[in-house]
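Notes follow the structure.
Throughout, a chain's letter reflects where its sequence line sits, starting with A, and its residues are numbered from 1.
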Amino acid sequence: MRILISILRKEFIQIFRNKVMLPFIFIVPIIQMVVLVFAANLEMKEIRFYTVDLDLSETSRKLRYEFSASPFFRDQGTGFSLDEGEEMLLRDKADLVLVFDEGFEEKLRKENHSSIQLLINAINSAKAGLVNAYSEAIIRDFNQDVRLEWLGLPAFEAIENIDVSYSYWYNPELNYKIYMLPAILVILVTIIGMFLTAMNLVREKEMGTAEQINVTPIRKFHFIIGKLLPFWVIALFELAFGLTIGKIFFGLPILGNLALLFGFASIYLMAVLGIGLLLSTFSETQQQVMFLAFFFMLTFVLMSGIFTPVESMPVWAQKVNIVNPFAYFMRVIRMILLKGSGFHDIRHEFVSMFIYAVSILSLSVWRYRKIH
Amino acid sequence: MPEIAVNNLFKSYGAINALRDISFQVDKAEIFGIIGPDGAGKTSLFRILVSLLLPDKGSIQLAGLDVVKDYSQVRKIVGYMPGRFSLYQDLSVEENLSFFATVFGSSIETNYDLIKDIYVQIEPFKKRLAGRLSGGMKQKLALCCALIHRPEVLVLDEPTTGVDAVSRVEFWDLLHKIKKEGITIIVSTPYMDEAARCDRVALMQNGEFLGISLPGDIHKAFTKILYELTPEQGAYKLLKTMRSEAWCENAWLFGQSVHLTINGNTSENQFLSYAKGQNIEFRKITAGIEDTFMELMKTS
């Protein structure tokens with residue numbers, strides 16, 4: 001116990017003396033939240049559209065006005081040849097080109113249906129999907145209006161239509177910030193748990209201090225606990241700090257039980273610290289471990305469902321996520337904060353994470369003992 | 001019973017034999033020096049002694065404890081100072097010392113008398129981070145940290161490498177004071193002149209001991225006639241010329257002069273007449289430790 005306390009005291013002195021570490025702990029969460037939350041935004045207000053109107057009819061003009069009137073679209077003008085429209089796309093002056101063919105209105109009157117063409121810039125496929133969805137919504141509404149106007153009697157026709165109305169649960173305004181904030185907290189906590197721990201452990205090896213420690217009565221478990229515990233505490237503190245900032249400045253909803261969240265985070269961190277310890281046994285220098293940790297971190301983050309839902313990934317990727325601690329925490333933190341899930345709802349993740357933490361810690365401690 | 005007993009120690013790293021059949025004994029409160037060039041196997045031997053490395057074969061006893069089996073007991077009675085500065089550079093002098101003291105269940109105050117002579121020299125800088133100390137100060141701090149738990153055996157791996165001549169002399173004075181406290185010291189060095197300050201000295205080369213003797217007796221192993229040639233200019237040029245002669249057995253540089261021995265087929269007179277003919281200034285000398293070492297290296 002005496003030995004453990006003296007190691008812990010030494011670790012905290014070193015951590016707080018470190019000129020990079022302390023600012024890192026306090027400033028980075030704020031910067032990450034401010035920058036990422038505003039930058040990683042999928043809402044679109046300024047879809048630039050351009051119209052190629054070869055029909056020049058009343059209907060085509062009306063539909064164009066519908067687009068202009070929408071808060072999501074901004075009119076970039078009208079042209080009279082397809083070449084002009086394509087030019088706008090090529091020069092990146094429009095995200096969407098509406099093409100009305102000659103005889104658009106006439107065809108609609110005579111044959112009761114007609115078609116228009118949408119040309120969408122799909123360099124960013126997610127954005128293109130949204131542009132398409134927004135456009136279709138406008139055209140659908142317009143369709144109904146046209147029927148009302150021309151056929152006069154909406155009642156009979158309307159019966160055939162099923163009116164769809166939406167209510168978005170857990171994030172009624174589809175606010176992307178609220179979706180992203182918990183994810184950023186997960187990343188922050190993991191950086192501390194995995195990167196800092198692994199680097200700190202390897203540092204002892206690189207500086208040669210591990211050699212001096214090994215000839216003292218300090219046992220390996222003293223050393224490992226003494227190394228992991230400070231970062232476990234700091235990471236949990238960081239989570240609390242991040243939640244506070246999120247709540248105060250970004251209106252992050254906290255619907256669920258915070259104790260449950262911290263309970264899960266404690267177990268999650270044990271798994272992450274275990275990974276950090278494991279990586280440190282594969283490296284001799286801080287540079288090497290940094291590279292390893294970065295590789296795992298990037299893979300884990302991208303596969304965890306931070307931007308895209310895990311459910312839409314191929315089956316093999318979903319299987320890979322079984323060993324991805326990120327994926328568990330990403331799901332659980334959103335469930336607890338945004339949905340107010342209780343223990344019963346996350347029990348499956350809880351148990352999995354517990355098994356994960358125990359296995360990875362045992363593995364890394366075993367490997368650490370074998371190497372040293 | 002000897003304080004340190006090493007028997008038939010072997011250690012290899014793949015194809016490289018770092019230690020080949022090393023055996024020696026050290027008595028309590030003795031300063032045992034190991035002298036050898038880089039790569040002789042000194043550090044490997046020391047790492048095995050302090051239980052950081054497992055030997056392939058052989059046994060080591062420290063104060064009656066088996067280093068391999070009772071390693072956790074051994075670590076309590078050993079003070080180790082690695083060749084490379086291995087204290088926390090981002091902790092202050094005082095923090096380093098009190099950390100190592102508490103880890104051993106001791107405190108700076110308990111064993112202050114043992115480290116006092118050394119510590120007073122670094123005490124003015126006790127708030128300074130260890131990484132910002134000068135080389136000599138770092139050595140003194142490392143010695144303090146190795147002594148703070150009053151070890152029975154002190155293992156020092158090249159403690160004076162990279163330290164200036166004055167500090168080296170001071171450092172050896174300190175070792176003799178520590179010895180008086182009944183602490184056994186085993187120390188390695190690449191400097192031949194430091195051999196004289198040990199109680200007994202082992203010469204080490206390619207993982208083997210070439211011999212163990214009292215510092216004053218080392219030169220007795222040198223049985224041949226040794227000549228010192230003083231060149232008018234360019235000792236290296238003279239060395240090359242000498243080495244190309246058939247009668248030259250061994251020649252090496254010694255400061256500004258060349259030391260050499262002649263082989264058994266050549267009589268002394270033959271050499272004398274040659275030297276006179278070439279107008280080379282020379283004299284017969286008694287061999288020093290370094291000469292003995294060069295000679296032993298050649299024959300081993």
Side-chain angles (χ1 to χ4, degrees), chain A residues 1-25 196-197 199-227 229-231 234 280-281 284-286 368-372, chain B residues 43 46-54 62 67 70-92 94-108 127 129-132 138 141-146 148-149 151 153-157:
Chain A
M1 205 56 204
R2 168 185 42 93
I3 290 180
L4 195 55
I5 289 169
S6 60
I7 298 178
L8 286 175
R9 201 173 54 203
K10 168 190 91 73
E11 284 304 324
F12 277 111
I13 291 178
Q14 286 180 306
I15 291 168
F16 286 106
R17 188 163 288 166
N18 193 320
K19 295 229 163 45
V20 181
M21 198 90 101
L22 209 58
F24 187 87
I25 290 167
L196 298 193
T197 315
M199 283 180 63
N200 189 292
L201 275 157
V202 175
R203 191 179 143 84
E204 296 261 356
K205 249 196 275 188
E206 202 177 0
M207 303 297 288
T209 45
E211 184 117 326
Q212 192 83 58
I213 289 289
N214 283 343
V215 288
T216 65
I218 295 175
R219 308 295 287 262
K220 292 204 169 61
F221 76 90
H222 285 140
F223 189 69
I224 292 175
I225 295 174
K227 280 286 173 193
L229 198 57
F231 291 101
I234 292 174
S280 79
T281 63
E284 289 302 317
T285 65
Q286 295 186 73
Y368 182 85
R369 294 177 76 103
K370 203 182 122 214
I371 297 242
H372 296 280
Chain B
T43 301
F46 280 14
R47 286 174 52 100
I48 291 174
L49 273 178
V50 298
S51 81
L52 281 176
L53 200 64
L54 289 174
L62 239 76
V67 169
D70 310 318
Y71 69 93
S72 59
Q73 293 301 109
V74 166
R75 287 176 185 180
K76 285 181 189 154
I77 60 152
V78 151
Y80 175 48
M81 185 174 153
R84 189 178 148 210
F85 184 69
S86 303
L87 299 176
Y88 292 99
Q89 315 239 10
D90 49 353
L91 291 185
S92 71
E94 203 177 21
E95 284 161 348
N96 264 302
L97 199 53
S98 83
F99 172 68
F100 283 100
T102 39
V103 156
F104 280 101
S106 176
S107 66
I108 299 182
K127 297 280 176 217
L129 297 188
R132 304 225 176 97
K138 276 182 180 163
L141 175 60
L143 185 61
C144 280
C145 287
I148 194 65
H149 59 293
V153 177
L154 190 58
V155 180
L156 309 171
D157 192 3

Working to the nearest 0.5 Å, report the span between [atom1] of [X] and [atom2] of [Y].
| X | Y | atom1 | atom2 | answer |
| --- | --- | --- | --- | --- |
| S92(B) | I13(A) | OG | CD1 | 7.5 Å |
| R75(B) | N214(A) | CZ | CG | 6.0 Å |
| T209(A) | N96(B) | OG1 | CG | 9.5 Å |
| Q89(B) | R203(A) | CD | CZ | 8.0 Å |

Worksheet item: Given the options R17(A), M207(A), R9(A), E204(A), which has more heavy-atom pairs under 4.5 Å with chain B than any of the others?
Response: R17(A)
Which heavy-atom pair separates [X] from [Y] by the least distance, and what is that distance?
| X | Y | value |
| --- | --- | --- |
| F104(B) | V215(A) | CZ-O, 4.0 Å |
| S6(A) | V103(B) | OG-CG2, 3.7 Å |
| P82(B) | E211(A) | CG-CG, 4.5 Å |
| D90(B) | Q14(A) | OD1-NE2, 2.8 Å |

Worksheet item: With a 4.5 Å limit on heavy-atom distance, are the side chains of F99(B) and I213(A) in contact?
Response: yes
Discussion item. Does any part of the side chain of Y88(B), heavy atoms only, come nearer than 4.5 Å to the side chain of Q212(A), both counted from C-beta?
Written reply: no
Under 4.5 Å heavy-atom distance to chain A, tell me which part of [X] shows up: side chain, backbone, both or neither.
| X | answer |
| --- | --- |
| Q73(B) | neither |
| S51(B) | neither |
| L91(B) | both |
| F100(B) | side chain |

Worksheet item: Which bit of I7(A) comes within less than 4.5 Å of chain B, counting heavy atoms only: side chain, backbone, both or neither?
Response: both
